[in-house]
Amino acid sequence: MSAYQDSKLYRIRHSAAHIMAQAMLERFPEAKIAIGPPIEDGFYYDFDLPRPINEEDLQWVENRMKAIIGGDHAFDCREVSPEEALALFKDQPYKVELINDLVSGRVDDNGSPIAEPAERITIYTQDTFMDLCRGPHVANTRDINPDAVSITFKMPAGAYWRGDENRQQLTRIYGTAWESPEELQDYLHRLEEAKRRDHRIVGERLGLFTFSSLVGKGLPLWKPKGTILRDTLERWLRQVQIDNGYEPVVTPHIGNLNLYKTSGHYPYYKDSQYAPIVVDDEEFLLRPMNCPHHIMIYKSEMRSYRDLPVRYAEFGTVYRYEQSGELHGLTRVRGFTVDDAHLFVTPDQLLEEFISAVKLTQYVFNTLGLTDFRARVGIRDPESDKYVGDDVLWTQATDAILQACSQLNLPHTVEAGEAAFYGPKLDFIFRDVLKRNWQLGTVQVDYNLPERFELEYVADDNTRQRPIMIHRAPFGSVERFVGIIIEHFNGMFPAWLAPVQALLIPITDRNVEYAEGVAAALKAAGIRVEIDKSKARMGAKIAAGREQNVPWMLIMGDRDAAAGAVSVRLRTDEDLGAMPLPQFIEMASGVIESKSLSLS
RNA sequence: GCUUCAGUAGCUCAGUCGGUAGAGCACACCCUUGGUAAGGGUGAGGUCAUGGGUUCAAAUCCCAUCUGAAGCUCCA
């Protein structure tokens, strides 16, 4: 990031933001300007506008920006006293607020918190536009290529002043700027490619899942092919967990409200839960999480230290009433399945169990070739009151996680305010095609729920001791995980996950009977097959198979039938030619069983 | 939840100034039986998201609701 901040591109974008603000003030003289920083692939500026902006305005502003750039204006920097700054910006209330905060040392000029109180305020001016700004900028507008700047590629959007939903909502206009028009075109092209890779688009094309407004928003419906995908993942992880000493359990999707009052989930998260169901004077909640149910299984027996660690695993479906604006395809839904497990451990076991839970998560990612993630340790925000439990326990839990990261040599960031309400956690964050962040795997340490539920085990000295809980989910949620891997693989799943593994293409009707025999043999070997019996030509059938990303296409005509062979064409368009059926079965079975990422 | 934009066939979309709806893909049937990226024809399929309003007349204009998209906020 610091390399980016020192780059010419960063200065170009920062300057383009100022130029956009100048053009906007010409279009909307009554507009109030907020802030406008460079961001990863461009820049934005927030405005308080007298009316909604439309496409015509945007086009006008973009054209005007190009004209300003062509006007050969220098970016002049000067320092003024706070009093002078307040006078200069007296008509810009957002700037006034920023200046006051700068002087008191609360924020920098992007509104981000910093420490140092400012005694001098830096101001940059180009042409007729003056902005509160620390820089840096390009020396002159001519350092920007007007044909490498665009603000019409993306619709404007709302954004709260200072990121606070209780304050004024501003209009954020995004722009992108590059050093050359070719780079801009390349970026726009990559953006289009990314949109085609979106799991909502690919999921529709491959027939994986759908939504129905009659069922309800944020409630995915899994079609047969999508179900094969998620079910294959679940069966795999279930077995891996059993191999690692986990015990499957099954618990109901609702629970008595008192359960969640004890756990503390209610009323902390009252607003993000479905309202209680009232039956016979009892209230039940659609469960927002699985932990309390597993805890009651733990509590159903007297536990000895000899029984620990206890590891309960369940693919548990939970329901959360997410705000409608947050819903997004499979990655943010209102009903989803957590590949959940809760470990009840002694203090001596905590570190080792935490580490092996992280390793299991890493094993899941490695098997699928998922490497593009970052690890985040989420700790408590000391300012907030949304956490339960006392400080000593929080410190212990946080230390345990940091120690585990260090033993695992796991690069990570530590971020305040990202903890669960009951404890700190280690999360694995992935990005989708449009670079939005999504948390998948998570491993959490929890001293608090054992306290609230008064969990115990009998130690070797016959005293009652309190276990520590580890919450962990390698996928995080099956829905979100599938969404991310759809984009990761662009729908071209490894053969073991592909809903249809082999598409059988008889060349003529004469060959259908042979294809049915081949299909039976493949099914017997555990391979998922489909026969294309349509009247289409072979070329069209191949095109359809490519569209569906089927790993292996087996073409069979008279020659193959006579030889007991299949002609193998890979999804990658590689033609392996004719091979005896048993040879294909051996090859395919090997690829599937090894969960290989290649097809031969 | 908020701001802005959008909703036409299963899917992707066209539909000019308000004058009662079109294409491609998919689907059904017919012809074609073809050896590695899409053969031809015919047909079926739509209360133009829903409900109100304006108008002689609404897919088109207005209002509300629902759903979706981008972003913000949030995310146990």
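Every value quoted in this text rests on a predicted model; they were computed, and no experiment measured them.
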Contact class for [X] (heavy atom, under 4.0 Å): base, sugar-phosphate, or nothing?
X        : answer
A:Asp573 : base
A:Arg200 : sugar-phosphate
A:Asn511 : nothing
A:Glu55  : nothing

_Position toward the 5' end of RNA chain B (nearest nucleotide), A:Ala540 or A:Asp558_ =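 The answer here is A:Asp558.
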_If you assign each of A:Ile555 and A:Ser324 to its closest nucleotide in RNA chain B, which residue comes earlier from the 5' end?_
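Looking at the nearest nucleotide for each, A:Ser324 comes out on the 5' side.
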Hey, is the main chain of [Y] close enough, under 3.5 Å, to the side chain of [X] for a donor-acceptor pair?
X        : Y        : answer
A:His293 : A:Ile254 : yes
A:Arg196 : A:Ile201 : no
A:Arg197 : A:Gly491 : no

_Any side-chain N or O of A:Thr508 below 4.0 angstrom from OP1/OP2 of B:G34?_
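No, A:Thr508 has no side-chain N/O under 4.0 Å of OP1/OP2 on B:G34.
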*asked:* Going by the rule ring-ring contact (aromatic ring centres under 6.0 Å, His included), which residues pair with A:Phe489 if we only count those two or more places apart in sequence or in a different chain?
replied: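 Here no residue qualifies.
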Which nucleotide, in any strand shown, forms a Watson-Crick or G-U wobble pair with [N], with both distances under 3.5 Å?
N     : result
B:G51 : B:C63
B:C74 : none
B:A57 : none
B:C5  : B:G68
B:U12 : B:A23
B:U36 : none
B:A28 : B:U42

Assess whether a salt bridge exists between [X] and [Y], defined as any Lys/Arg side-chain N lying under 4.0 Å from an Asp/Glu carboxylate O.
X        : Y        : value
A:Lys386 : A:Asp381 : no
A:Glu97  : A:Lys32  : no
A:Glu530 : A:Lys225 : yes
A:Asp509 : A:Lys533 : no

Please report the distance, rounded to the nearest Å, between [atom1] in [X] and [atom2] in [N].
X        : N     : atom1 : atom2 : result
A:Lys541 : B:C25 : NZ    : P     : 18 Å
A:Arg569 : B:G35 : CZ    : P     : 15 Å
A:Gln548 : B:C25 : CD    : P     : 17 Å
A:Asp57  : B:U4  : CG    : C1'   : 13 Å
A:Phe209 : B:G10 : CZ    : P     : 19 Å
A:Leu191 : B:A70 : CG    : P     : 11 Å
A:Gln168 : B:G1  : CD    : C1'   : 16 Å
A:Glu547 : B:C11 : CD    : C1'   : 11 Å

Suppose you measure atom [atom1] in [N] against the same atom in [M]; what distance do you get, rounded to whole Å?
N     : M     : atom1 : value
B:C63 : B:A21 : P     : 26 Å
B:G18 : B:C11 : C1'   : 29 Å
B:G22 : B:U4  : P     : 36 Å

*How does protein contact run along nucleotides 71-76 of chain B, one letter per nucleotide 5' to 3', with B for base contact, S for sugar-phosphate only, - for none, heavy atoms under 4.0 Å?*
BBBBBB
*asked:* Within this structure, what is the CD-CE distance for the pair A:Glu353 and A:Met469, rounded to the nearest 0.5 Å?
replied: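 Going from CD on A:Glu353 over to CE on A:Met469, the span is 13.5 Å.
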